[in-house]
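Data block below; observations after.
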Amino acid sequence: IVDVAREKNADVIVMGIKGGGKIEEILIGSNTAGVMRKSLSPVLIVPAKIKYKPVKNIVLACDYSEEITNDKLFNLFKEFINFFKAKVMVLNILQPQRVTTFDTAVSGIKIENYLQGIDHTMHFPEGEDVEEGINTFIKEHGADMLVMFPKKHNLIERIFHKSNTKKMTFHTEVPL
């Protein structure tokens with residue numbers, strides 16, 4: 001899939017996902033998560049039970065302490081937002097021991113610079129479980145889509161680090 005997308009210069013790869021059991025999630029992963037990890041194109045993941053509805057509210061889940069390193073990808077995201085005339089809710093689930101201030105939060109990724117001219121709000125709810133926090137926020141705010149920019153991890157990090165993006169591929173109830 002990744003090779004064909006590269007060969008055809010695809011703007012986006014759209015994949016469905018049916019979810020899986022805990023064992024599949026932990027040991028095997030999924031084709032979708034593999035494509036997402038290897039693709040140079042954005043990947044739109046659509047859960048099996050989703051029915052189409054217009055995209056009006058998008059949650060951008062990110063870690064404010066991380067630097068945005070892919071301007072091209074973020075510019076594609078902005079085109080997507082503008083196309084749908086969507087509102088963006090920037091979300092960072094804070095670990096209770098990691099409470100931050102607004103100035104500290106936005107200094108790392110300079111999200112305000114990237115989202116100039118885009119209708120957006122910023123949210124800093126606390127929570128122990130990032131996946132649960134994202135899903136709760138999506139339900140409470142009626143979001144139509146979740147956007148995450150996965151970090152590239154080396155082999156050791158992939159073995160020992162639980163990717164929030166990969167976890168969300170198995171547990172999202174909206175397109176990711």
Side-chain angles (χ1 to χ4, degrees), residues 1-2 4-5 10-22 24-26 28-64 66 68-70 72-94 109 111 114-115 118-125 127 129-153 157-158 161-176:
I1 293 170
V2 172
V4 170
D11 293 320
V12 65
I13 298 170
V14 180
M15 297 184 74
I17 190 165
K18 64 180 178 166
K22 259 315 197 199
E24 179 186 21
E25 180 181 342
I26 293 168
I28 304 169
S30 76
N31 291 329
T32 305
V35 169
M36 193 174 59
R37 189 176 71 246
K38 295 176 185 173
S39 176
L40 298 177
S41 301
V43 178
L44 175 59
I45 300 165
V46 182
K49 296 178 182 177
I50 294 294
K51 294 185 191 286
Y52 175 79
K53 67 179 186 175
V55 177
K56 296 295 176 195
N57 295 302
I58 299 172
V59 171
L60 170 59
C62 60
D63 181 347
Y64 291 129
E66 296 291 325
I68 292 174
T69 57
N70 192 332
K72 181 181 175 185
L73 193 57
F74 206 88
N75 287 333
L76 284 171
F77 174 57
K78 285 171 56 175
E79 285 180 35
F80 186 86
I81 296 165
N82 288 325
F83 178 80
F84 284 102
K85 297 175 179 59
K87 177 183 174 187
V88 176
M89 294 172 278
V90 183
L91 174 66
N92 182 31
I93 305 296
L94 296 174
I109 60 172
I111 196 78
Y114 281 95
L115 292 175
I118 302 290
D119 184 11
H120 70 282
T121 54
M122 300 181 80
H123 304 267
F124 305 82
D129 185 313
V130 173
E131 172 196 327
E132 181 181 312
I134 292 171
N135 279 325
T136 299
F137 186 89
I138 287 169
K139 287 176 189 165
E140 289 175 356
H141 291 84
D144 306 307
M145 180 174 281
L146 171 62
V147 172
M148 299 176 82
F149 293 98
K151 301 173 201 159
K152 296 289 183 192
H153 298 284
E157 289 171 328
R158 284 197 313 265
H161 179 270
K162 294 179 181 175
S163 165
N164 290 320
T165 308
K166 183 178 176 182
K167 281 197 276 186
M168 291 308 298
T169 64
F170 287 97
H171 301 286
T172 184
E173 296 178 15
V174 296
L176 167 64

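Atoms considered below: every heavy atom in the structure, side chains included; atoms not considered: hydrogens, waters and symmetry mates.
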Exercise. Would a 4.5 Å heavy-atom cut-off, applied to side chains only, mark V14 and V46 as touching?
Worked result: yes
Exercise. Would the number of heavy atoms belonging to other residues, nucleotides or ligands and lying under 6.0 Å from CG of N75 be above 12?
Worked result: yes
Problem set entry | Flag side-chain contact, heavy atom, 4.5 Å: V59 against H123 | no
Problem set entry | Separation of M36 CE from S41 OG (nearest 0.5 Å) | 14.0 Å
Problem set entry | Minimum side-chain heavy-atom gap P42-L76 below 4.5 Å | yes
Exercise. Are I50 and P175 side-chain neighbours, meaning at least one heavy-atom pair lies under 4.5 Å?
Worked result: yes
For this session: Show your working on side-chain contact (heavy atoms from CB on, under 4.5 Å) between F83 and V55 and close with a plain yes or no.
Result: CA-CA 10 Å; F83 178 80; V55 177; over 6 Å; no
Problem set entry | salt bridge (charged side-chain N to carboxylate O under 4.0 Å, His left out) partners of K78, counting only residues at least two apart | none
Problem set entry | Centroid-centroid under 6.0 Å between F74 and F77 rings | yes
Exercise. Which atoms form the tightest heavy-atom contact between T172 and L146, and what is the distance?
Worked result: OG1-CD2, 4.4 Å
Exercise. Does any non-hydrogen side-chain atom of L91 lie less than 4.5 Å from one of I134?
Worked result: yes
Exercise. Should I1 and I13 be marked as a side-chain contact (heavy atoms from CB on, under 4.5 Å) after you check the CA-CA gap, both sets of side-chain angles, and the distance that decides it?
Worked result: CA-CA 8 Å; I1 293 170; I13 298 170; 3.9 Å; yes
For this session: For the residue pair V2 and L40, establish whether any side-chain heavy-atom pair is separated by less than 4.5 Å.
Result: no
Problem set entry | Closest heavy-atom pair and its distance - I93, D129 | CG2-O, 4.5 Å
Exercise. Which value, rounded to the nearest 0.5 Å, describes the distance between I118 atom CD1 and I58 atom CD1?
Worked result: 9.5 Å
Exercise. Can you tell me how far CG of D119 sits from CD1 of I81, rounded to the nearest 0.5 angstrom?
Worked result: 10.0 Å
Exercise. Between K139 and E173, is there a side-chain N and carboxylate O pair less than 4.0 Å apart?
Worked result: yes
For this session: Might you work through the side-chain contact (heavy atoms from CB on, under 4.5 Å) test for F84 and M145, ending with a clear yes or no?
Result: CA-CA 12 Å; F84 284 102; M145 180 174 281; over 6 Å; no
For this session: Please lay out, stage by stage, how K87 and H120 fare under the test side-chain contact (heavy atoms from CB on, under 4.5 Å).
Result: CA-CA 6 Å; K87 177 183 174 187; H120 70 282; over 6 Å; no
Problem set entry | Pairwise side chain to side chain donor-acceptor pair (under 3.5 Å) hits with a residue in residues 51-60, at least two apart | K53-D144
For this session: Search all heavy atoms of C62 against all heavy atoms of N92 and return the closest pair with its distance.
Result: O-OD1, 3.0 Å
Exercise. With a 4.5 Å heavy-atom cut-off, do P125 and T136 have their side chains touching?
Worked result: no
Exercise. Do V90 and T121 come close enough that some side-chain heavy atom pair is under 4.5 Å?
Worked result: no
